Amino acid sequence: MKKNGFKYDLKLMAREPIMILFAVLPIFLMLLFRFGFPVAGQLLFEKTGFDLSLYNVYIFAMIIAMTPYMTGTLAGFLMLDEKDGNVLDLILVTPAGFGGYLFSRMLIPIVVSLIYLVPGFILFSSYYSSSVIIPGIVLLAVMEGVIVTLLLFSIAANKVQGLTVAKGLGILLIPMFFDLFGNKFLMTVGYATPFYWIYAYIKEGDPESLVCGLMVNSVWLATMLILGFRRTYRIKTFSR
């Protein structure tokens, strides 16, 4: 598994502009939302009387959710690159097997998300009421990074399809805004999606929201693992 080292990952990312984009976009968006939105909000308030700061919880939830979305997409593209290069066929015959490979790849969205979430919490410290919710948000975020990785890896057959799928996965972020519509059906749909619970926990800050979020994310994660195993490889590969 020497090829799966840090230097190898950097080489893969360096030769694909889309991977570089997904690697740097989270911090760029954090800076844009933190320093650009207040200025835009002030101008909007002066012109129309609309107070954008009333929606800070949505802004903060979006920033947090974008981090696992981007890092998960990055890890998914790395896996698709190795799928295209038939690297996975070689990995399957190593002692670590696909399980070891999958574990090493899941560390990417987890570790990178943790790195990016630190400045996120610092920059947006005035956007949430208590630091007590930070561990729960982090746990939800890293789970969602793994979910996005497995979704992209399982659905897309190659990097070309992966780009289209990655754009489509952005729809998972939309349920965080369903509260704005006051529609019970949309709210029910939101409850079944993973990213909604980042917003719900930030807003409510109660253990119930965290527990529900962890349960929904766990179901998604288990489903994605099964989907990845069955769609990408023959089932007999994993029956050893």
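A quick note: this is a predicted structure, and the numbers were derived from the prediction, not measured.
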Of all the heavy-atom pairs spanning P68 and A141, show the shortest one and how long it is. CB-O, 3.0 Å
Nearest atoms (heavy-atom pairs only) where I198 meets A65: CD1-CA, 4.1 Å
Can you name the nearest heavy-atom pair linking P175 to G190, along with the distance? CB-CA, 3.9 Å
Locate the shortest heavy-atom distance separating I133 from S130; write the atom from each residue and the value. CG1-O, 3.2 Å
side-chain contact (heavy atoms from CB on, under 4.5 Å), that's the test. Do M70 and L21 meet it? Break it down for me. CA-CA 9 Å; M70 293 293 178; L21 176 64; over 6 Å; no
With a 4.5 Å cut-off on side-chain heavy atoms, are L210 and L140 touching? yes
Sub-4.5 Å side-chain heavy-atom contact between Y55 and F37: no
Answer yes or no: is there a side-chain heavy-atom contact under 4.5 Å between E144 and L172? no
Using only atom types and a distance under 3.5 Å, with no angle test, would you say the side chain of W197 pairs donor to acceptor with the backbone of V211? no
From M66 atom CE to T71 atom OG1, the distance as rounded to the nearest 0.5 Å: 10.5 Å
Option from Y58, F60, Y127 for which side chain to side chain contact (heavy atoms under 4.5 Å, CB included) with I202 holds: F60
Transitive ILVMFWY side-chain link L52 to F45, under 4.5 Å: no
Separation of I174 CD1 from L186 CG (nearest 0.5 Å): 10.5 Å
Heavy-atom side-chain proximity of Q161 to T164 below 4.5 angstrom: no
Given 3.5 Å as the limit, does a donor-acceptor pair link the side chain of Y128 with the main chain of F121, or not? yes
Neighbour count >12 (heavy atoms, 6.0 Å) for atom CZ, F185: no
Nearest 0.5 angstrom please: I63 CD1 to F33 CZ, how far? 5.0 Å
Check: Y69 main-chain N/O paired with T73 side-chain donor or acceptor under 3.5 Å: yes
Please walk me through it: do L117 and I137 pass side-chain contact (heavy atoms from CB on, under 4.5 Å)? CA-CA 10 Å; L117 285 173; I137 294 174; 5.6 Å; no
May I ask whether F28 and F124 are part of the same hydrophobic cluster, defined by side-chain heavy atoms of I, L, V, M, F, W, Y residues being less than 4.5 angstrom apart, directly or through others? yes
Is there a side-chain contact (heavy atoms from CB on, under 4.5 Å) between M187 and F181 once you walk through the steps? CA-CA 9 Å; M187 290 298 300; F181 300 98; over 6 Å; no
Is a side-chain donor or acceptor of N56 paired with a backbone partner of S53 at a separation under 3.5 angstrom? yes
From the list V148, V142, T149, L150, side chain to side chain contact (heavy atoms under 4.5 Å, CB included) partner of V146 resolves to L150
Check M79 against M106 and note the closest heavy-atom contact, atom names and distance. SD-CE, 3.9 Å
Heavy-atom closest contact (S209 atom, A200 atom, distance): OG-O, 4.0 Å
Rounded distance [0.5 Å steps], CD1 in I110 versus CD1 in I115: 12.0 Å
Take L123 and L31 through the test side-chain contact (heavy atoms from CB on, under 4.5 Å) and record every step on the way to the result. CA-CA 8 Å; L123 287 170; L31 294 173; 4.1 Å; yes
I need the L74 CG to I108 CD1 distance, nearest 0.5 Å. 6.5 Å
Is there a continuous path of hydrophobic side-chain contacts, each under 4.5 Å between heavy atoms, that joins M215 to W220? no
hydrophobic_cluster_shared for I122 and V112, side chain cutoff 4.5 Å: no
If we only count heavy atoms from C-beta on, is the Y191 to V216 side-chain gap below 4.5 Å? no
Does T193 reach the side chain of F178, with side-chain heavy atoms less than 4.5 Å apart? no
Could you give the distance from CG (L80) to NZ (K159), rounded to the nearest 0.5 Å? 8.5 Å
Using modelled atom types only, decide if a donor and an acceptor are shared between the side chain of Y116 and the backbone of I64 within a distance under 3.5 Å. no
What I'd like to find out is whether the side chain of L214 reaches to under 4.5 Å of the side chain of M143, using heavy atoms alone. yes
Y199 and L54: same hydrophobic cluster, using ILVMFWY side-chain contacts below 4.5 Å? yes
